[in-house]
Student: 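Starting off with a structure, shown below.
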Amino acid sequence: MLLPLALLLLGLWERQRGAGDWAEFAAEHDRLAGIVADLEARTSRDGRPDFRLQFRRDGKTYGGPFAVVMARGARDSAGTLVAVMDWRRWLPPVAIAGGGIAAGLSLLVLLAGAALSWLGRGSRDVLVGGFSLMRRLLPAALAAQILAATAGFIAVVAFESGLLLQGGLSGDGMKLLGIAAVAVGATLLAAGSALFGLRRALDAFEPDPLPILGRQITPAEAPGLWRLVEGLAERMGALKPDSVVVGLTEGFFVTAGPAVLEPGGTRLSGRILHLPLPHLALMRGDETAAIIAHELAHYAGSDTAYSQRFLPIYSGVARSLDVVAAREGHALGLLGPSVRLGRFVMERFHLAVRHWSRVREFAADAAGAGVTSPEAAARALLRSGALAPRIAEILAAAAEAPDAAPPDLVAAVLDRAVACGLDDPALHLDAEQAHPTDTHPPTRERVSALGQALGPDLMSAAGLAPPPHALGQLAAYFADPAGLCRAASADFLGAVHERDAAFRAHLEGKAAEVGTEARVLRANYRPSGLVLAVAGGLFAVVALGIAVFGIPGILPREATVVLATALGIAVLMGGAGAFVLSRGEPVILVLRAEGLAAPGLDRTIAWSDIADLDLTGNHRGLVMRVLLPPAVPWPERRLGRPAAKLDPKRRVVTLPLPLPRGMNPQGFADLIATYQVAAQARSILDAATAPVAEPA
């Protein structure tokens with residue numbers, strides 16, 4: 001709101017100034033017109049000059065016929081300024097309208113976002129419908145605001161630039177006009193780019209498939225599990241899932257959108273129920289039933305369908321916001337209000353969605369408790385938190401060393417849980433259950449909503465370690481539980497190998513970008529040397545011309561001074577040019593795969609030894625500052641080489657560098673970053689392939 005209001009107030013102030021400026025210049029024009037008329041009336045008719053005619057302007061007095069000429073010129077200039085001031089009077093209303101429209105749109109969107117968020121908490125249909133409309137209208141509102149603010153800004157700049165014409169286009173005036181033109185051009189470019197991007201923000205949105213690391217289980221492979229799921233769905237009056245997927249990495253969840261199973265890339269659609277094998281093995285039967293019923297309750301409440309309807313809204317608002325935010329830094333802050341409006345709308349919508357997510361989670365908990373018991377539902381929530389660290393420990397160890405991982409990670413989780421016990425459920429009361437698409441209230445609030453007290457009996461039952469034969473209860477769900485657990489473990493380890501292979505290929509590509517050959521960077525003194533030499537030659541030609549032909553209209557002594565000056569400049573500039581050209585293209589830096597070497601230092605600085613590196617530009621080129629840790633050997637300065645500033649106390653090496661040949665500052669910075677990234681990639685690759693010492 002502040003920036004549009006500032007444009008509005010500035011336009012109001014300029015409207016008053018514009019009227020006053022026009023009146024002032026109109027009065028001056030009338031005064032000069034009267035003077036011209038008086039001088040013309042007093043001019044002699046016989047053509048003889050009358051030096052009694054006088055005209056005074058800018059501290060100078062003009063007489064005779066020249067007085068009439070200068071008076072007419074002043075009158076005409078004043079007339080031009082009156083026309084400019086008359087034209088300027090049309091600009092403040094544009095600034096007022098632009099600021100007012102932008103401020104009004106800001107207020108309208110703020111009120112609409114707040115109202116829709118408030119109304120949406122009473123009805124999910126109102127929430128989805130209202131913000132769906134907002135998603136379609138927001139890009140248009142942002143576009144109108146950008147146009148209004150841009151028009152207002154240009155009007156303000158043009159109005160103020162008109163004052164520069166009052167004293168003529170002097171050097172400073174031309175500079176200010178150039179700055180104004182650059183500001184207007186940059187603003188127009190950023191605004192136009194944002195408007196073009198907003199036009200595409202309304203394109204249809206197709207959600208990406210949800211990636212799930214798991215495998216689909218048919219009724220023949222899991223007869224007991226499918227009977228349990230279908231029986232719970234019938235008792236609750238909920239829709240049955242179209243697919244059941246089991247895996248190791250996610251918790252219990254349902255989704256109704258497109259999904260892709262990894263590895264393999266099998267695509268699923270419709271209602272999908274995901275179940276984690278470690279939980280099925282380590283939780284009691286009533287706990288498992290309570291959680292599955294909780295997930296099926298989301299189908300009964302159409303929660304998954306609503307989640308899918310939320311995605312286009314999130315995407316549309318986010319894309320509109322990204323388009324404007326990407327150009328914000330190039331428009332002198334004019335796009336800032338639009339960016340903040342988009343963020344406000346996103347925040348209001350997110351708060352309303354979060355409200356309904358919490359409401360539906362409590363309702364799903366109650367539904368799960370209704371087909372089992374409140375105690376079982378509360379115990380299931382607490383036990384999930386107590387189990388999570390044991391599962392994470394085994395999966396993290398397998399991901400770190402997949403070749404050494406056991407073939408059955410579910411059995412490994414059980415062994416870990418039996419040996420170490422479960423976490424204290426009290427440590428996870430404030431945690432929110434993990435879910436790939438929705439948010440959950442903290443466990444403490446969910447248990448309280450079930451009417452269960454967090455007493456010692458409930459906490460003890462939830463944290464009880466599973467018996468060693470706990471895997472046997474998987475036989476009640478699956479036809480071949482051992483084979484399924486090994487297959488799911490193989491899926492997980494295969495995904496880890498694919499990830500590691502992709503990461504290794506990425507590192508190898510980065511390491512190969514610099515190659516093994518040293519890259520020598522040389523200074524580029526030739527252009528400046530040629531400029532100096534040519535300039536010296538031109539002054540020498542001038543001196544020769546003066547010596548041969550002289551300078552008409554001045555005294556010989558003065559001509560001698562000019563000749564000596566021209567010769568001196570020719571010698572200085574020519575000598576400087578010759579000196580610069582004689583330096584050739586000296587080496588300023590040598591970049592190797594292992595480190596960088598500077599002619600002024602006695603040793604190569606390894607990339608791995610650099611704690612920090614920064615580059616700054618100046619009128620001479622670049623300044624590189626390298627920070628070395630205390631344990632790194634300190635380099636020494638080489639005599640007779642380009643200067644290098646060493647600060648042992650702060651461990652900073654400063655290298656003044658001319659701009660390398662064929663490079664701009666950004667290209668040089670990118671090159672240094674490429675070598676640093678390549679060194680880091682090689683370090684990671686070397687650490688991954690280094691032999692591990694066997695323990696004694």
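Counting begins at 1 with the first residue of the sequence.
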Student: Are Leu275 and Leu277 side-chain neighbours, meaning at least one heavy-atom pair lies under 4.5 Å?
Tutor: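 No; the side chains remain at least 4.5 Å from each other.
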Student: Is there a side-chain contact between Ile212 and Val260 in this structure, where contact means two heavy atoms from C-beta onward sitting under 4.5 Å apart?
Tutor: no
Student: Could you pull out the closest heavy-atom pair between Cys420 and Arg390, with the gap in Å?
Tutor: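 The pair with the smallest heavy-atom distance is CB-CD, 4.4 Å.
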Student: Rounded to the nearest 0.5 Å, what's the gap from CG on Leu628 to CZ on Arg651? Could you check?
Tutor: 6.0 Å
Student: State plainly whether the residues Arg446 and Asp365 are in salt-bridge range, i.e. N to O under 4.0 Å.
Tutor: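 Result for this pair is yes, salt bridge flagged.
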Student: Begin from the C-alpha positions of Arg271 and Val254 and carry the test side-chain contact (heavy atoms from CB on, under 4.5 Å) through to its verdict.
Tutor: CA-CA 7 Å; Arg271 298 181 298 276; Val254 289; over 6 Å; no
Student: State the CG-CG distance between Leu627 and Asp609, to the nearest 0.5 angstrom.
Tutor: 11.5 Å
Student: Testing the basics here: between Leu248 and Ala488, what is the closest heavy-atom pair and its distance to 0.1 Å?
Tutor: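 In this case the closest contact between Leu248 and Ala488 is CD1-O, 3.7 Å.
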Student: Ignoring hydrogens and geometry, is there a side-chain-to-backbone donor-acceptor pair from Arg379 to Met459 under 3.5 Å?
Tutor: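 Judged by distance alone, no pair lies under 3.5 Å.
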Student: If the test is side chain to side chain contact (heavy atoms under 4.5 Å, CB included), which one of Val413, Asp408, Leu280 qualifies with Cys485?
Tutor: Asp408
Student: Please examine the side chains of Val246 and Pro276, heavy atoms only from C-beta on, and report whether any two atoms are closer than 4.5 Å.
Tutor: no
Student: Between the main-chain N or O of Val371 and the side-chain N or O of Arg235, is there a donor-acceptor pair closer than 3.5 Å?
Tutor: yes
Student: Indicate yes or no: at least one non-hydrogen side-chain atom of Asp500 is less than 4.5 angstrom from one of Pro402.
Tutor: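 Sidechains of Pro402 and Asp500: in contact.
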Student: What are the two closest non-hydrogen atoms of Pro263 and Glu498, and how far apart are they?
Tutor: CB-OE2, 4.1 Å
Student: Within the side chain of Glu230, is there an N or O that forms a donor-acceptor pair under 3.5 Å with the backbone of Arg227?
Tutor: no
Student: Please name the pair of heavy atoms, one in Ala679 and one in Trp607, separated by the smallest distance, quoted to 0.1 Å.
Tutor: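 Residues Ala679 and Trp607, closest heavy atoms: CB-CB, 3.5 Å.
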Student: Considering only heavy atoms from C-beta outward, does the side chain of Leu685 approach that of Arg504 to under 4.5 Å?
Tutor: yes
Student: Within the structure provided, determine whether Asp242 and Ile272 are in side-chain contact (heavy-atom separation under 4.5 Å).
Tutor: no
Student: What heavy-atom pair brings Leu382 and Ala462 nearest, and what distance separates the two atoms?
Tutor: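 The answer is CB-CB, 3.5 Å.
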Student: At what distance, to the nearest 0.5 angstrom, does CG of Leu232 lie from CG of Leu228?
Tutor: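 These two atoms lie 4.5 Å from each other.
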Student: Start with the C-alpha distance between Leu458 and Gln452, add both sets of side-chain angles, then the distance that settles side-chain contact (heavy atoms from CB on, under 4.5 Å), and finish with yes or no.
Tutor: CA-CA 9 Å; Leu458 179 61; Gln452 300 296 299; 4.3 Å; yes
Student: Is a side-chain donor or acceptor of Thr372 paired with a backbone partner of Gly368 at a separation under 3.5 angstrom?
Tutor: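 Confirmed, Thr372 side chain pairs with Gly368 backbone.
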Student: Got a donor-acceptor contact below 3.5 angstrom from the Trp226 side chain to the Ile217 backbone?
Tutor: yes
Student: Would you call the rings of His274 and Phe253 parallel, tilted or perpendicular if under 30° counts as parallel and over 60° as perpendicular?
Tutor: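 His274 vs Phe253 ring planes: parallel.
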Student: Does any part of the side chain of Arg682, heavy atoms only, come nearer than 4.5 Å to the side chain of Leu507, both counted from C-beta?
Tutor: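 Of all side-chain heavy-atom pairs linking Arg682 with Leu507, none is under 4.5 Å.
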Student: Looking only at the side chains, is there a donor atom on one of Thr218 and Glu221 sitting less than 3.5 Å from an acceptor on the other?
Tutor: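 Yes, Glu221 and Thr218 have a side-chain donor paired with an acceptor closer than 3.5 Å.
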Student: Could you measure the distance from the OG1 atom of Thr288 to the OH atom of Tyr477? Nearest 0.5 Å is fine.
Tutor: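 Here the rounded value is 4.0 Å.
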Student: Would you indicate whether the side-chain heavy atoms of Arg284 and Leu464 approach each other to under 4.5 Å?
Tutor: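 The answer is yes, as the side chains (C-beta and beyond) meet within the 4.5 Å cut-off.
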Student: Under the criterion side chain to side chain contact (heavy atoms under 4.5 Å, CB included), which of Asp423, Thr443, Leu387, Leu381 is the partner of His428?
Tutor: Asp423
Student: Which atoms form the tightest heavy-atom contact between Leu239 and Leu296, and what is the distance?
Tutor: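 That closest heavy-atom pairing would be O-CD2, 4.2 Å.
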Student: Answer with yes or no whether the side chains of Glu361 and His294 bring together a donor and an acceptor at under 3.5 Å.
Tutor: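 There is such a pair between these side chains.
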Student: Would you confirm whether Gln473, through its side chain, and Met283, through its main-chain N or O, come within 3.5 Å as a donor-acceptor pair?
Tutor: yes
Student: Let me confirm one number: the CG-CG distance from Leu414 to Leu409, rounded to the nearest 0.5 Å.
Tutor: 12.5 Å
Student: Would you compute the distance between atom NE2 of His279 and atom CD of Glu250 and round it to the nearest 0.5 angstrom?
Tutor: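 Going from NE2 on His279 over to CD on Glu250, the span is 11.0 Å.
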